[in-house]
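Down below is the structure, laid out as structure tokens.
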There are 2 protein chains.
Amino acid sequence: MSIELRKHIEEITPVSDDEFDYILSHFRKKKLKKHQFLVQENNEVLNDHYVIKGLLKAYYTNDEGKEHILQFAMENWWVTDYQAHFKKEKATINIDCLEDCEILCLSLENREKLCSELQKIEHFFRIKSNFGYVALQRRILSLLDKDAKGRYEQLMELYPTLLQRVPKTILASYLGVSRETLSRLS
Amino acid sequence: MSIELRKHIEEITPVSDDEFDYILSHFRKKKLKKHQFLVQENNEVLNDHYVIKGLLKAYYTNDEGKEHILQFAMENWWVTDYQAHFKKEKATINIDCLEDCEILCLSLENREKLCSELQKIEHFFRIKSNFGYVALQRRILSLLDKDAKGRYEQLMELYPTLLQRVPKTILASYLGVSRETLSRLS
DNA sequence: GATTTTTTGTGAGGTAGGTCACACTTAAGA
DNA sequence: TCTTAAGTGTGACCTACCTCACAAAAAATC
């Protein structure tokens with residue numbers, strides 16, 4: 001059960017059996033079917049979410065109804081509306097399942113509790129956040145520097161499995177390209 | 001001296017006089033003139049940098065020699081090549097001063113030392129990193145959703161002082177627009 | 001304060017990528 | 001298995017933004 005999470009944490013810091021059990025007791029398991037929402041606009045965002053199984057998209061919908069995907073989340077990724085979650089605001093994005101999902105939910109309170117009780121967990125989340133920051137910087141550079149084709153190729157290289165799991169229409173709105181243009185790329 | 005840093009830290013967690021002195025002793029002060037480099041491509045990136053005074057740009061230069069600004073850094077901001085810094089790789093970006101600068105340098109070793117010795121510092125950096133992550137997500141959304149004018153207006157709204165301090169040519173390469181286009185915006 | 005460098009504005013013309021429309025294919029429900 | 005929905009490809013046309021070029025204004029440097 002949830003060995004994935006343990007392996008995930010131990011990529012950054014070792015934890016004993018007891019520690020891990022204790023950590024895990026702060027999570028709540030949740031199962032969602034394809035098309036179900038994990039986070040919905042205007043709602044409170046009490047939890048961060050660790051993906052055990054499945055695939056989700058986190059996306060912003062603008063006034064004209066156009067969707068922009070902020071991130072995908074698959075196995076071993078974390079996803080929530082971080083702006084809303086950290087600042088206790090209402091969600092401005094939606095997150096829904098592209099596949100049936102199995103999720104571990106961690107409330108802000110439980111995260112802070114764990115972080116203050118177990119420094120290694122605070123350490124874990126700091127390092128995680130640092131890496132996340134770097135990943136976003138790379139995406140910004142990609143958006144600034146590369147054209148549609150370049151961004152697509154970079155995405156395929158980084159996450160080749162995504163192609164098999166996500167329709168191109170949706171990839172397009174991650175890349176910031178129209179689906180027609182993506183379809184026309186050599 | 002460096003009351004700014006203390007205030008900066010205390011936006012997230014209180015520190016005693018002794019604690020602060022101890023923390024500060026892990027930083028090294030550095031002064032740089034306009035046009036000097038803080039980080040240079042292909043070099044090691046031993047330090048993160050807290051800006052006491054001045055303004056810098058961190059930018060990537062692509063094969064055609066085009067510059068893309070990853071971030072600005074002014075008073076109370078942190079800046080380095082985080083990818084290179086955290087992963088101990090060579091820098092892929094340059095950071096140089098747009099004004100004369102006063103900087104506090106924190107080596108990776110000293111950061112980790114402080115974090116392990118003082119949990120409140122680990123806490124501080126975790127929270128900081130979380131907020132940074134959210135800010136980058138906002139910028140990604142801006143790049144995906146807004147046109148040149150919209151991005152420019154959002155930037156002016158977020159950092160009105162930047163306009164007074166940075167030539168538009170340089171703002172353009174932050175926004176991902178040519179300087180001519182920026183100049184033509186209404 | 002004269003001179004070089006940096007920054008800005010503006011025209012002309014080109015192009016990557018957007019939108020709209022329609023047809024075809026594949027997958028999902030009932 | 002039939003029916004509806006979701007995803008894809010392609011043409012025609014449009015537009016936001018790019019590049020190149022030149023000139024004027026403003027700053028920096030000696």
Using the ring centroid of each side chain, check whether A:Tyr50 and A:Phe27 are separated by less than 6.0 Å.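 Not close enough - the centres of the two rings lie 6.0 Å or further apart.
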Starting from [atom2] on [N], measure out to [atom1] on [X] and report it in whole angstrom.
X        : N      : atom1 : atom2 : answer
A:Leu143 : D:dC17 : CG    : P     : 15 Å
A:Leu185 : C:dG17 : CG    : P     : 8 Å
B:His35  : D:dA28 : NE2   : C1'   : 9 Å
B:Arg151 : D:dA16 : CZ    : P     : 13 Å
A:Leu98  : C:dA27 : CG    : P     : 16 Å
A:Asp147 : C:dG14 : CG    : C1'   : 16 Å
B:Leu144 : C:dG17 : CG    : P     : 14 Å
B:Arg165 : C:dT7  : CZ    : C1'   : 18 Å

Is the phosphate of [N] approached by [X] (side-chain N or O, under 4.0 Å from OP1 or OP2)?
X        : N      : answer
B:Lys66  : D:dT19 : yes
A:Thr169 : D:dA6  : no
A:Thr181 : C:dG18 : yes
B:Lys168 : C:dT6  : no

Q: Looking at every strand, decide which applies to A:Gly150 at a 4.0 Å heavy-atom threshold: base, sugar-phosphate, or nothing.
A: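 If one applies the 4.0 Å heavy-atom cut-off, A:Gly150 turns out to touch nothing in the nucleic acid.
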Closest to the [X] side chain, choosing from [options]:
X        : options                : value
B:Lys34  : C:dG18, D:dA28, D:dA16 : D:dA28
A:Arg184 : C:dT10, D:dA12, C:dG17 : D:dA12
B:Arg179 : D:dA21, C:dA21, C:dG18 : D:dA21
B:Pro167 : C:dG17, C:dT8, D:dG11  : C:dT8

Item checked: NZ or CZ of A:Lys57 within 45° of A:Tyr59 ring axis and under 6.0 Å ->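 Ring-cation test returns yes.
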- prompt: Within 45° of the six-membered ring axis of A:Phe124 and under 6.0 Å from that ring's centre, is NZ or CZ of B:Arg126 located there?
  reply: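 So B:Arg126 doesn't make the cation-pi contact.
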Query raised in the report: Is there a donor on the side chain of B:Glu180 or the base of D:dC17 sitting less than 3.5 Å from an acceptor on the other?
Result: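 Result: no qualifying N/O pair found.
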(Q) Could you check whether B:His8 and B:Asn76, counting side-chain N and O atoms only, form a donor-acceptor pair closer than 3.5 Å? (A)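 Checked: B:Asn76/B:His8 side chains show no N/O donor-acceptor pair below 3.5 Å.
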B:Tyr82 and B:Asp48: side chain to side chain donor-acceptor pair (under 3.5 Å), yes or no, with the steps? CA-CA 8 Å; B:Tyr82 287 103; B:Asp48 195 359; 2.8 Å; yes
